[in-house]
Amino acid sequence: MALIKFPTKTVNSDVVNPYVNSIFDNLFNDSFITDRLVTRVPAVNIAETQDSYTIELAAPGLQKSDFKINVDKNLITISVEKKEESVTEDKLYSKKEFSYSSFTRSFSLPESVNYNSIDATYTDGVLNVSVGKKEDAIVAKRLIEVK
């Protein structure tokens with residue numbers, strides 16, 4: 001038989017079941033969950049067209065200068081490191097928090113990539129990275145007639 005100790009201190013004595021409130025308070029105030037929501041890695045869409053590959057990365061609230069894109073052999077790495085500090089000198093703080101966010105996403109590039117035609121744009125919270133293909137990798141489309 002296992003003994004489970006419940007907390008005897010209740011915040012509000014009018015509550016029908018104080019243990020239920022205690023569970024929800026712990027759930028919503030848990031730093032493990034809130035830290036995971038803050039340090040979330042952005043979603044990515046990868047598409048292929050006839051002459052290029054496109055990587056779309058959803059990263060709202062950032063600026064163009066926050067992104068760092070590196071290409072090393074067959075690996076493209078997109079990283080962000082953003083630090084926000086809002087300091088007001090005329091207030092007395094009992095708690096002061098700074099916002100730091102960073103992430104890194106890496107993708108393998110196929111052999112058909114033209115490394116001289118990689119471009120990136122950031123509009124409306126979405127980073128678009130266009131990676132061109134080599135001329136010999138672009139397949140000409142044509143209709144084949146069945147004889």
Side-chain angles (χ1 to χ4, degrees), residues 2 4-7 9 11-12 15 17-147:
I4 300 173
K5 183 178 179 183
F6 289 101
K9 184 175 123 180
V11 177
N12 188 356
V15 177
N17 192 350
Y19 303 114
V20 174
N21 284 345
S22 174
I23 290 170
F24 285 114
D25 286 342
N26 289 340
L27 178 67
F28 292 120
N29 293 327
D30 189 9
S31 65
F32 178 77
I33 292 173
T34 56
D35 289 344
R36 295 297 179 255
L37 293 176
V38 172
T39 60
R40 194 174 62 110
V41 176
V44 173
N45 295 329
I46 300 176
E48 180 181 2
T49 62
Q50 182 178 353
D51 56 349
S52 69
Y53 300 97
T54 304
I55 301 171
E56 298 175 335
L57 185 114
L62 298 174
Q63 297 176 0
K64 294 177 186 179
S65 60
D66 294 332
F67 291 98
K68 184 177 178 182
I69 302 173
N70 289 328
V71 177
D72 185 20
K73 295 184 183 176
N74 66 338
L75 192 69
I76 186 168
T77 303
I78 303 169
S79 61
V80 167
E81 187 169 331
K82 184 176 180 178
K83 176 172 67 170
E84 285 186 21
E85 298 178 12
S86 58
V87 179
T88 330
E89 296 297 327
D90 60 341
K91 293 184 180 178
L92 179 64
Y93 292 96
S94 61
K95 182 178 181 182
K96 191 173 187 179
E97 294 182 342
F98 297 100
S99 174
Y100 297 96
S101 61
S102 67
F103 67 85
T104 300
R105 298 287 309 255
S106 296
F107 306 98
S108 296
L109 297 173
E111 293 179 10
S112 62
V113 166
N114 181 1
Y115 290 97
N116 295 324
S117 85
I118 298 176
D119 296 317
T121 59
Y122 181 70
T123 53
D124 298 331
V126 177
L127 176 70
N128 290 307
V129 179
S130 176
V131 181
K133 293 182 181 179
K134 293 179 183 175
E135 286 296 322
D136 57 346
I138 298 173
V139 178
K141 289 187 178 181
R142 61 183 189 141
L143 182 61
I144 305 297
E145 185 178 330
V146 179
K147 297 180 183 179

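Partners of Thr49 under the side chain to side chain contact (heavy atoms under 4.5 Å, CB included) rule, at least two apart in sequence or in another chain, are Asp51, Ser52. With sequence neighbours excluded, the residues forming a side-chain hydrogen bond (donor to acceptor under 3.5 Å, both in side chains) with Lys82 are Glu84, listed by chain and number.
Inter-residue side-chain proximity for Ile46 and Tyr53 is flagged as unmet; no heavy-atom pair is nearer than 4.5 Å. When side chains are defined from C-beta on, Val129 does not count as touching Phe107, because their heavy atoms never get closer than 4.5 Å.
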Audit row: Val71, Val113, side chain to side chain contact (heavy atoms under 4.5 Å, CB included) steps and yes/no: CA-CA 11 Å; Val71 177; Val113 166; over 6 Å; no
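Note that NZ of Lys68 and CD1 of Ile78 are 13.5 Å apart. Values are rounded to the nearest 0.5 Å.
Side chain of Arg105 to backbone of Pro42: a donor-acceptor contact under 3.5 angstrom is found.
The nearest pair of heavy atoms linking Ser79 to Thr104 is CB-OG1, 3.6 Å. Nearest heavy atom pair, residue Ala58 against residue Pro60, reads C-CD, 3.7 Å. Summarising the geometry of Thr77 relative to Ser106, their closest heavy-atom pair is OG1-OG, 3.1 Å, with the distance given to 0.1 Å. When all heavy atoms are compared, the tightest approach of Lys134 to Glu111 is NZ-O, 3.4 Å.
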Please table the atom pairs, donor to acceptor, closer than 3.5 Å between any side-chain atom in residues 114-126 and protein atoms at least two apart or in another chain.
residue, atom, partner, partner atom, Å
Asn114, OD1, Asn116, N, 3.2
Tyr115, OH, Lys73, O, 2.7
Ser117, OG, Gly132, N, 3.3
Tyr122, OH, Ala59, O, 2.5
Tyr122, OH, Leu62, N, 3.3
Tyr122, OH, Leu62, O, 3.3

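By the 6.0 Å contact criterion, CD on Glu81 is open, its count of non-hydrogen atoms from other residues, nucleotides or ligands being 12 or less.
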